[in-house]
Amino acid sequence: MNVLVCVSRVPDTAARVKVGEDGKNIDENGVKFIVNPYDEFALETGIRLKESAGANVTALVVGPDTAQDVLRTAYAMGVDKAILVKNDNGNSDSYSVAEDIAAVAKELNSDLVIMGRQSIDYDSFSKSSMVGAMLDKPSISVVSKLEINDGKVLAERDIEGGKETIESSLPCVISVQKGIYDPRYPKLPDIMKAKKKPIDIKESVNSGVKTEVLSMGIPQTSRVGKIVGDSESEINEIIDALHKDAKVI
């Protein structure tokens, strides 16, 4: 079974992010980048399939050359192969990245494409569905439990107010979330070995972005607190403030 695990390179959750001079991207100076936390669950899922079913696991990143660092992390965790689809100009969106993922999945004849439920930078929550549509294969999102037997996939996914169990055939695309497995911590010898392992570099095949970032800004943190009672006049006062001052209603 060929498993393709898609990984995003994102700013560390503890990083203090600033908007760049162009007002459309972040200033990457001094920012530490990491494997997208949800994609750590995807990597662990793929590696578990390697250990239990002998799957061949490939990690894929779409991004600049600097994204090779997260592929080294994937190697240290236990994947068999790593691919970087180069996109050095930063001009990408969920659709263009999905096109590159689908192209690699077709080339590798992947039986299963796994990714995290969303990235923590753009939070588009859409790539798994897009890749499934581009491959014309079933797509199951927000998977928290997975079983694969005899070419059949049994996936439990979270829905509002409960759980849903879906059965599918291979090949298919899934996105996983916290709870499916606890990601392993790479051991030092594996980290050192990962530095010397090859990374296959491919050129992007996407047809262009479908969206454009017009502006980017840091949310305002200043707040004005006001304590009111529950009389009719006081309730009208806060409604008036929300309408005229805060302009939220």
Side-chain angles (χ1 to χ4, degrees), residues 3-15 17 26 31-51 55 57-64 66-79 82-85 87 92-102 104-105 110 112-135 137-148 153 155-160 163-164 166 168 172-186:
V3 177
L4 179 64
V5 181
C6 307
V7 182
S8 293
R9 177 179 180 265
V10 300
D12 193 323
T13 52
V17 177
I26 68 168
V31 176
K32 178 184 177 182
F33 285 84
I34 60 171
V35 175
N36 178 49
Y38 284 110
D39 295 336
E40 290 182 339
F41 303 121
L43 282 167
E44 183 64 30
T45 302
I47 295 166
R48 296 268 183 137
L49 289 171
K50 172 184 176 179
E51 294 170 343
V57 183
T58 301
L60 167 66
V61 171
V62 179
T66 50
Q68 292 188 36
D69 56 354
V70 297
L71 289 174
R72 300 293 178 193
T73 300
Y75 261 138
M77 289 180 69
V79 304
I83 297 174
L84 170 68
V85 176
N87 183 347
S92 66
D93 60 6
S94 295
Y95 187 88
S96 65
V97 171
E99 281 189 307
D100 282 326
I101 293 172
V104 173
S110 300
L112 184 64
V113 179
I114 312 174
M115 61 190 75
R117 58 172 287 174
Q118 66 199 93
S119 63
I120 63 168
D121 50 1
Y122 289 100
D123 280 324
S124 68
F125 200 16
S126 59
K127 281 198 285 290
S128 62
S129 299
M130 288 182 178
V131 173
M134 291 172 183
L135 294 174
K137 302 299 180 185
S139 173
I140 311 172
S141 59
V142 202
V143 173
S144 55
K145 187 176 180 181
L146 181 69
E147 294 180 17
I148 299 178
V153 175
E156 184 180 276
R157 62 189 299 270
D158 293 336
I159 59 174
E160 187 174 353
K163 301 279 188 179
E164 180 179 63
I166 296 177
S168 172
C172 74
V173 180
I174 68 167
S175 69
V176 299
Q177 73 160 358
K178 183 178 181 179
I180 188 165
Y181 295 115
D182 291 328
R184 66 193 65 194
Y185 290 100

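Values in this document were obtained by computation on a predicted structure and should not be read as measured data. We count residues from 1, following the sequence as given.
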For this session: List the steps, then state whether side chain to side chain contact (heavy atoms under 4.5 Å, CB included) holds for Leu71 with Leu84.
Result: CA-CA 8 Å; Leu71 289 174; Leu84 170 68; 3.9 Å; yes

Problem set entry | Test log, rule side chain to side chain contact (heavy atoms under 4.5 Å, CB included), inputs Lys127 and Cys6 | CA-CA 10 Å; Lys127 281 198 285 290; Cys6 307; over 6 Å; no

For this session: Step by step, work out the side chain to side chain contact (heavy atoms under 4.5 Å, CB included) result for Val85 and Leu60.
Result: CA-CA 8 Å; Val85 176; Leu60 167 66; 3.6 Å; yes

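Between Ile148 and Leu112 there is a side-chain heavy-atom pair separated by less than 4.5 Å. Contact of the Ile174 side chain with the Leu146 side chain is registered, since non-hydrogen atoms from C-beta on lie closer than 4.5 Å. Tyr181 has its side chain out of reach of Leu43: every pair of non-hydrogen atoms, C-beta onward, lies at least 4.5 Å apart. Residues Val3 and Thr58 are not in side-chain contact: their nearest non-hydrogen atoms beyond the backbone lie 4.5 Å or more apart. Annotation: side chain of Ile114 is in contact with side chain of Val176 (closest heavy-atom distance under 4.5 Å).
The salt bridge (Lys or Arg N to Asp or Glu O under 4.0 Å) search around Glu99 returns none, not counting sequence neighbours. With sequence neighbours left out, Asp158 forms a salt bridge (Lys or Arg N to Asp or Glu O under 4.0 Å) with Lys163. Remark: Thr66 pairs with Arg9, Pro64 by the side-chain contact (heavy atoms from CB on, under 4.5 Å) rule, at least two apart or across chains. The side-chain hydrogen bond (donor to acceptor under 3.5 Å, both in side chains) test applied to Lys50 returns Asp80, not counting sequence neighbours. Take Glu164 and apply the salt bridge (Lys or Arg N to Asp or Glu O under 4.0 Å) test, not counting sequence neighbours, and it matches Arg157.
The structure places OG of Ser141 at 5.5 Å from CZ of Phe125, a figure rounded to the nearest 0.5 Å. The distance from atom OG1 of Thr13 to atom CD1 of Ile34, rounded to the nearest 0.5 Å, is 5.0 Å. Once rounded to the nearest 0.5 Å, the distance linking OG of Ser139 with CD1 of Ile166 reads 9.0 Å. Here CZ of Arg48 is found 4.5 Å from CD of Glu44. Values are rounded to the nearest 0.5 Å. Between atom CD1 of residue Ile101 and atom OG of residue Ser110 there is a gap of 11.0 Å, rounded to the nearest 0.5 Å. The distance from atom OG1 of Thr45 to atom CD1 of Ile180, rounded to the nearest 0.5 Å, is 3.5 Å.
For the pair Asp39 and Gly116, the tightest heavy-atom approach, listed with the atom from each and the gap, is OD1-N, 2.8 Å. Shortest non-hydrogen contact noted between Asn36 and Val10 is CA-CG2, 3.6 Å. Summarising the geometry of Lys137 relative to Cys172, their closest heavy-atom pair is CB-CA, 4.3 Å, with the distance given to 0.1 Å. Nearest approach of Ala82 to Tyr75, heavy atoms of both residues: N-OH, 3.4 Å. Contact detail for Ser92 and Asn87: the closest heavy-atom pair is CB-ND2, 3.1 Å. Nearest heavy atom pair, residue Ile120 against residue Pro11, reads CD1-O, 3.9 Å.
The side-chain hydrogen bond (donor to acceptor under 3.5 Å, both in side chains) pairs that include a residue from residues 112-122 are Arg117-Gln177, Gln118-Asp123, Ser119-Asp121, where partners are two or more places apart or lie in different chains.
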